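One structure is given below, encoded as structure tokens.
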There are 2 protein chains.
Amino acid sequence: MLDALGDPTRRVILETLRTGGPCSVGGLAERVPVSRPAISQHLKVLGAVGLVQHESRGTRNIYRVHQAGLGELRSWLDQFWGDALQAYADHVQRTEEGK
Amino acid sequence: MLDALGDPTRRVILETLRTGGPCSVGGLAERVPVSRPAISQHLKVLGAVGLVQHESRGTRNIYRVHQAGLGELRSWLDQFWGDALQAYADHVQRTEEGK
DNA sequence: TGCTTCGGTTAGTGGCAACTTACCGTTCGT
DNA sequence: ACGAACGGTAAGTTGCCACTAACCGAAGCA
């Protein structure tokens with residue numbers, strides 16, 4: 001999941017799909033400065049973690065962003081966020097006690 | 001930001017700090033199966049994007065998770081989340097029209 | 001003031017992953 | 001049925017980054 005988002009090119013692909021809407025593989029290859037096979041491989045990774053979804057229309061595959069993977073990231077972030085706040089509160093607590 | 005979270009070892013370090021609370025560099029090196037310099041380098045990266053914060057106490061540096069970096073990630077995710085839902089709604093709309 | 005502990009930095013290496021080139025199957029058009 | 005367009009896959013190369021070993025400075029303790 002976060003591994004998939006770790007690559008800059010994959011983020012560009014996601015951003016392209018997000019702002020430009022659903023797009024074919026060839027279409028993405030025109031907008032993103034890498035070869036078509038590279039796009040294909042990245043889409044495979046993004047699809048494996050549920051960040052994109054594809055739909056066959058004729059010979060072309062239309063890819064779009066998908067929320068499935070985002071949910072996992074969101075819950076992870078929410079938990080992390082809560083714990084970070086808690087940790088900060090504890091830290092302030094101890095600091096206040098020790099002054 | 002997402003580059004920092006892209007590395008598994010860095011996520012282990014973050015997870016260790018999150019669940020185990022603030023810790024020194026040497027302490028992290030004992031819990032995470034990499035050398036101390038590696039820990040140091042990862043902490044530098046994590047600190048640069050505001051995911052951890054350190055506090056010098058004597059000769060040792062105590063690291064803790066920090067919310068600064070999480071905020072950026074959260075806003076990015078929220079925006080992405082909204083757009084994904086919107087894109088899905090549009091897709092359903094077109095699908096319904098075309099049936 | 002040595003001696004030790006702790007930690008950041010540098011130099012160098014190894015492994016992985018992102019990329020391209022080439023190939024092949026599939027589907028549409030004529 | 002033939003050719004073209006589209007896209008997934010395989011093989012091979014390259015560049016980057018995570019890691020270790022070695023060195024150095026800073027702060028506590030006798």
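Quick note on labels: first sequence line is chain A, next is B, and so on, each numbered from 1. All of these numbers come straight from a predicted model, not from anything done at the bench.
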Quiz item: For DNA chain D, which residues in residues 24-34 of chain A have a heavy atom at a distance below 4.0 Å?
Solution: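 Heavy-atom contacts with DNA chain D come from S24(A), V25(A), G26(A).
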Exercise. Considering non-hydrogen atoms only, spot the tightest contact between T16(B) and R31(B) and give its length.
Key: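 The answer is CG2-CD, 3.7 Å.
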Quiz item: Between I39(A) and A29(A), which heavy-atom pair has the shortest distance, and what is it?
Solution: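 Shortest heavy-atom separation between I39(A) and A29(A) comes out as CG1-CA, 4.0 Å.
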Practice problem: Using heavy atoms to find the nearest nucleotide of DNA chain D for V45(B) and P37(B) separately, return the residue whose nucleotide is more 5′. | Solution: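 Checking each residue's closest nucleotide, the 5'-ward one belongs to V45(B).
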Quick check for you: among [options], whose closest atom lies nearest to any side-chain atom of [X]?
X: R60(A); options: dA18(D), dT20(C), dC6(D); value: dC6(D)
X: Q41(A); options: dA18(D), dG7(D), dC19(C); value: dC19(C)
X: H42(B); options: dG28(D), dT9(C), dA18(D); value: dA18(D)

Any [X] side-chain N or O less than 4.0 Å from OP1/OP2 of [N]:
X: K44(A); N: dG7(D); value: no
X: S40(B); N: dG8(C); value: yes
X: Y63(A); N: dC6(D); value: no
X: H54(B); N: dG8(C); value: no
X: T59(B); N: dC6(C); value: no
X: N61(B); N: dC6(C); value: no
X: T9(B); N: dC19(D); value: yes

Quiz item: For DNA chain D, which ranges pair as stems of 3 or more consecutive Watson-Crick or G-U pairs, with both donor-acceptor distances under 3.5 Å?
Solution: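 The stems that DNA chain D takes part in, listed by first number, are C:1-30 with D:1-30.
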Exercise. Dump the intermediate steps for side-chain contact (heavy atoms from CB on, under 4.5 Å) on R74(B) and D78(A), then the final yes or no.
Key: CA-CA 9 Å; R74(B) 174 180 274 269; D78(A) 283 344; 2.9 Å; yes
Quiz item: What's the CZ-P distance between R57(B) and dA26(D), to the nearest Å?
Solution: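 Interatomic distance, CZ of R57(B) to P of dA26(D): 22 Å.
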Quiz item: According to a 4.5 Å side-chain heavy-atom criterion applied to Ile, Leu, Val, Met, Phe, Trp and Tyr, with indirect links allowed, do L5(A) and V49(B) form part of one hydrophobic cluster?
Solution: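 Hydrophobic grouping puts L5(A) with V49(B).
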Quiz item: Between R36(B) and A38(A), which has a closest nucleotide on DNA chain C that is more 5'?
Solution: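 Checking each residue's closest nucleotide, the 5'-ward one belongs to R36(B).
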